[in-house]
Amino acid sequence: MALSDLARSHCPVSRAIERVGDPWVLMILREAFLGTRRFDDFQRTTGASPHILSLRLKRMCQDGILARHRYSLSPLRHEYLLTDKGLELWPLIMVLHGWGEKWLGGAGVRLVHIACGARFAPQLVCPGCGAPLTARDVRAEISPEFQAERHRRTEGN
């Protein structure tokens with residue numbers, strides 16, 4: 001599958017990877033969730049070149065993940081804020097955080113629940129019964145459209 005085919009897939013994972021699977025996009029998201037808003041700050045905290053950062057911020061704004069807002073007229077300056085669509089990527093960053101901390105080490109960020117002050121580790125839970133979920137606890141049911149797409153790929157079409 002060509003990278004350009006991801007956006008046309010019936011699989012939502014493929015379509016999401018096409019939009020947010022780039023390492024620089026993930027780094028920008030990490031920083032946005034940590035409160036970074038301005039271009040120069042994103043550049044310093046991610047290490048991205050100005051060109052790469054500019055391209056990724058523009059795409060993220062086009063995708064509705066970030067919104068660009070003017071904060072100064074003289075000189076003209078903008079900041080980048082997470083939209084509702086962008087805020088819904090928080091679980092992705094939290095899962096990456098938890099996996100990285102567990103399997104790669106380090107504790108760069110502690111997560112604290114604002115309401116009660118408890119530290120926590122991200123986890124998925126069943127909305128029906130509240131039980132913690134792992135890959136062993138979930139069955140994936142593939143849609144007919146995605147099954148046909150997968151079949152076409154295995155047949156070389």
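What you see below is based on every heavy atom in this structure, not just the backbone, and it leaves out hydrogens, waters and symmetry mates.
- Here the CH2 atom belonging to Trp24 is positioned 13.0 Å from the CE atom belonging to Met60, to the nearest 0.5 angstrom.
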Counting only pairs under 3.5 Å, give me each side-chain donor-acceptor contact of residues 128-140, with atom names and distances, residues two or more places apart or in other chains.
from	atom 1	to	atom 2	distance (Å)
Thr134	OG1	Arg136	N	3.3
Thr134	OG1	Asp137	OD2	3.0
Asp137	OD2	Thr134	N	2.8
Arg139	NE	Glu141	OE2	3.3
Arg139	NH2	Glu141	OE2	2.7

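- Asp84 pairs by the side-chain hydrogen bond (donor to acceptor under 3.5 Å, both in side chains) definition with nothing, not counting sequence neighbours.
- Side-chain contact check for Arg119 versus Leu111: every heavy-atom pair is 4.5 Å or farther apart.
- Applying the salt bridge (charged side-chain N to carboxylate O under 4.0 Å, His left out) test to pairs two or more places apart or on separate chains, none has a residue in residues 101-111.
- Between Glu149 and the choices Arg153, Gln147, His151, the side-chain hydrogen bond (donor to acceptor under 3.5 Å, both in side chains) rule is met once, by Arg153.
- Across all non-hydrogen atoms, the minimal contact from Ile65 to Leu29 is CG2-CD2, 3.9 Å.
- Glu145 and Arg8 are not joined by a salt bridge, as no carboxylate oxygen comes within less than 4.0 angstrom of a charged side-chain nitrogen.
- Every residue was checked against the side-chain hydrogen bond (donor to acceptor under 3.5 Å, both in side chains) condition with Ser72, not counting sequence neighbours, and none meets it.
- Scanning for side chain to side chain contact (heavy atoms under 4.5 Å, CB included) contacts around Ala148 gives Arg152, with sequence neighbours left out.
- Residues Leu57 and Ile28 meet the side-chain proximity criterion, which asks for heavy atoms closer than 4.5 Å.
- Listed by chain and residue number, Cys11, Ile17 satisfy the side chain to side chain contact (heavy atoms under 4.5 Å, CB included) test with Val13 (two or more places apart in sequence, or in another chain).
- Of all non-hydrogen atoms in Val112 and Gly117, the two that sit nearest each other are CG1-O, 3.5 Å.
- For Arg19, the side-chain hydrogen bond (donor to acceptor under 3.5 Å, both in side chains) test picks out Asp63, with sequence neighbours left out.
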Legend entry - Evaluation steps, side-chain contact (heavy atoms from CB on, under 4.5 Å), between Tyr80 and His69: CA-CA 6 Å; Tyr80 298 87; His69 296 277; over 6 Å; no
Legend entry - Chi angles and distances behind the side-chain contact (heavy atoms from CB on, under 4.5 Å) call for Leu66, Thr83: CA-CA 5 Å; Leu66 295 174; Thr83 63; 5.6 Å; no
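- Val95 and Leu82 fall into different hydrophobic clusters, defined by Ile, Leu, Val, Met, Phe, Trp and Tyr side-chain heavy atoms under 4.5 Å apart, directly or through other members.
- Side-chain heavy-atom separations under 4.5 angstrom define the hydrophobic clusters, and the remaining members of the one that includes Ile142 are Phe146.
- Clustering ILVMFWY residues whenever any of their side-chain heavy atoms sit less than 4.5 angstrom apart, transitively, puts Val20 in the very cluster that holds Trp90.
- Listed by chain and number, the residues in a side-chain hydrogen bond (donor to acceptor under 3.5 Å, both in side chains) with Arg68 are His78 (sequence neighbours excluded).
- Taking the side chain to side chain contact (heavy atoms under 4.5 Å, CB included) definition, one finds that Pro144 meets it with nothing, sequence neighbours left out.
- Cluster annotation: Phe120 and Leu96 are assigned to the same hydrophobic cluster (Ile/Leu/Val/Met/Phe/Trp/Tyr, side-chain heavy-atom contacts under 4.5 Å, transitive).
- Applying the under-4.5 Å side-chain rule to Ile, Leu, Val, Met, Phe, Trp and Tyr, the cluster around Leu55 consists of that residue alone.
- The 12-atom threshold is not exceeded at CZ of Arg37, counting heavy atoms of other residues, nucleotides or ligands nearer than 6.0 Å.
- Sorted by first then second residue, the side-chain hydrogen bond (donor to acceptor under 3.5 Å, both in side chains) pairs that include residues 44-58, not counting sequence neighbours, are Asp22-Arg56, Glu31-Thr45, Asp41-Arg44.
- Without hydrogens or angle criteria, Arg70 side chain to Leu76 main chain gives no donor-acceptor distance under 3.5 Å.
- Both Leu34 and Leu89 belong to a common hydrophobic cluster when Ile, Leu, Val, Met, Phe, Trp and Tyr are linked at side-chain heavy-atom distances under 4.5 angstrom.
- Considering all non-hydrogen atoms of both residues, Gly64 and Lys85 come closest at O-CB, 3.4 Å.
- Inter-residue side-chain proximity for Phe33 and Leu87 is flagged as met; some heavy-atom pair is nearer than 4.5 Å.
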Legend entry - Phe39 vs Leu53, side-chain contact (heavy atoms from CB on, under 4.5 Å): CA-CA, chis, key distance, verdict: CA-CA 8 Å; Phe39 187 94; Leu53 182 58; 3.7 Å; yes
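- Neither Leu124 nor Met94 shares a network with the other; the hydrophobic side chains, linked directly or stepwise wherever heavy atoms of I, L, V, M, F, W or Y lie under 4.5 Å apart, form separate groups for each.
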